[in-house]
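Data first, discussion second: the structure below is written as structure tokens.
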Amino acid sequence: MRKPMIAGNWKMHLNSSEASQLAAAIKNGLDPQLKHEVLIAPSFTNIESVRKEISSSPILLSAQNMCWEEKGAFTGEISPIQLKDAGCDYVIIGHSERRKIFSESDEVLNKKVKSALKNALKVIFCIGETLEERENQRTYKVLQTQLNGGLKDISVNELSNIVIAYEPVWAIGTGKTATPQQAQDAHIFVRKEIERMLGAQASQSVRILYGGSVKAENIDELMAQPDIDGALVGGESLKADKFLRVIHYQPVLSK
Ligand code: 13P
């Protein structure tokens, strides 16, 4: 059984008091019986205020990026050791905004994944195709390249500390969600590729989140898909009431 995860990526939003207020509202609104995992990823400067707010709750704390180096002359970077020390459980690696705006290659992302795991940080590893790639029928090829490159030389054991997030770039921040079937089809492909890379057991146990315009209004249908194990939520995770509705999704059978 794969434990579902609902993760909020706050991107470059909020000051420290806004971040701790939002974290408090999410914490206070959580159903105490909730069985799945909830994670929030604030900006580096808000990690401390959020950590204090959620320390007595089950909410997991994540960073949004890191350097692959552990320490040294890397001005402006943050190391996995520093993130661990700051109380992070997870780090997001390979978000499409990092790939596209900051030119992070599969090779660099692979170094980051390995360095995070070595330093006992779990990883949310993001992959996804652009609209152009989808329209040119290259979606699966792109996902395959990103998985093979980013997870190169990762063992089955290490994969148990990695969550994959499928985020089609055309659905991020656009209000255009993939249909539950489009998301399910991509997730099946990812699972098959993981099976080819690391075997059937790894493929059945790896969690695959969907991200891209996830909302209170569409989460129930998405979570009804058998291979969608959770969501990585951007804009909707900045509104406590909406994010709480996403967290407390009620899977329905899609029509
Ligand atoms: P939106 O939910 O705002 O589309 O962002 C998705 C995302 O990029 C999460 O990492």
Side-chain angles (χ1 to χ4, degrees), residues 4-14 18-19 22-23 26 37-44 46-47 50 59-66 83 88-104 109 112-113 116 121-131 133-134 139 142-143 146-147 150 162-180 182-183 186-187 190 207-223 225 228-249:
M5 172 190 272
I6 302 291
N9 174 9
W10 291 353
K11 306 194 179 183
M12 199 171 69
H13 293 290
L14 311 175
E18 289 165 344
L22 179 55
I26 294 166
E37 290 183 338
V38 176
L39 172 149
I40 47 184
S43 300
F44 289 134
N46 298 336
I47 284 175
V50 169
I59 301 174
L60 298 164
L61 183 61
S62 176
Q64 300 173 14
N65 180 34
M66 58 166 248
L83 292 181
C88 289
D89 307 290
Y90 273 82
V91 57
I92 298 173
I93 293 180
H95 192 280
S96 66
E97 287 146 21
R98 301 295 320 168
R99 292 176 185 266
K100 184 161 170 264
I101 308 169
F102 301 99
S103 307
E104 293 189 2
L109 297 175
K112 291 189 180 197
V113 169
L121 283 168
K122 295 184 182 179
V123 171
I124 297 181
F125 179 65
C126 304
I127 56 173
E129 82 287 359
T130 63
L131 184 59
E133 288 161 346
R134 175 164 282 263
T139 297
V142 169
L143 298 181
Q146 292 175 343
L147 285 170
I162 298 176
V163 175
I164 295 173
Y166 168 62
E167 298 204 299
V169 179
W170 48 272
I172 296 178
T174 58
K176 240 190 196 182
T177 328
T179 64
Q182 281 174 321
H187 284 220
V190 171
R207 290 183 290 178
I208 310 174
L209 313 183
Y210 168 77
S213 297
V214 171
K215 308 268 177 236
E217 292 76 35
N218 58 28
I219 186 67
D220 296 347
E221 268 198 319
L222 288 163
M223 291 306 294
Q225 298 297 321
I228 300 184
D229 305 313
L232 181 54
V233 188
E236 196 86 328
S237 72
L238 294 166
K239 298 166 262 178
D241 56 335
K242 298 283 188 184
F243 190 48
L244 282 164
R245 175 62 184 84
V246 172
I247 291 170
H248 300 106
Y249 63 85

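In each ligand, atom 1 is the first atom listed, and ligand 1 is the first ligand listed.
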Honestly, for Glu236 the part within reach of ligand 1 (heavy atoms, under 4.0 Å) is neither

What do we get for Leu232 next to ligand 1 when only non-hydrogen atoms under 4.0 Å count, side chain, backbone, both or neither?
both

Do Tyr166 and Glu129 get their side chains close enough for a donor-acceptor pair, meaning under 3.5 Å?
yes

Counting only heavy atoms from other residues, nucleotides and ligands, does the tally under 6.0 Å from NZ of Lys239 exceed 12?
yes

In this structure, atom 3 (O) of ligand 1 is nearest to the protein heavy atom Gly235 N, 2.9 Å

When you check the side-chain N and O atoms of His95 and Glu167, is any donor under 3.5 Å from an acceptor?
yes

Who's the nearest protein heavy-atom neighbour of atom 2 (O) of ligand 1, and how far?
Gly234 N, 2.9 Å

Give the contacting part of Ala171 toward ligand 1: side chain, backbone, both or neither, where contact means a heavy-atom distance below 4.0 Å.
backbone

Ranking Glu97, Lys215, Glu167, Gln64 by closest non-hydrogen atom to atom 7 (C) of ligand 1, top hit is Glu167

I'd like to check which ligand 1 atoms, numbered from 1 as shown, lie under 4.0 Å from a non-hydrogen atom of Ser213.
1 (P), 2 (O), 4 (O)

How far is atom 5 (O) of ligand 1 from its nearest protein heavy atom, and which residue and atom is that?
Lys11 NZ, 3.3 Å

Best match, Ala231, Cys126, Gly173: closest heavy atom to atom 1 (P) of ligand 1
Gly173

Let me see the working for Arg207 and Glu37 under salt bridge (charged side-chain N to carboxylate O under 4.0 Å, His left out), right down to the final yes or no.
CA-CA 12 Å; Arg207 290 183 290 178; Glu37 290 183 338; 2.8 Å; yes

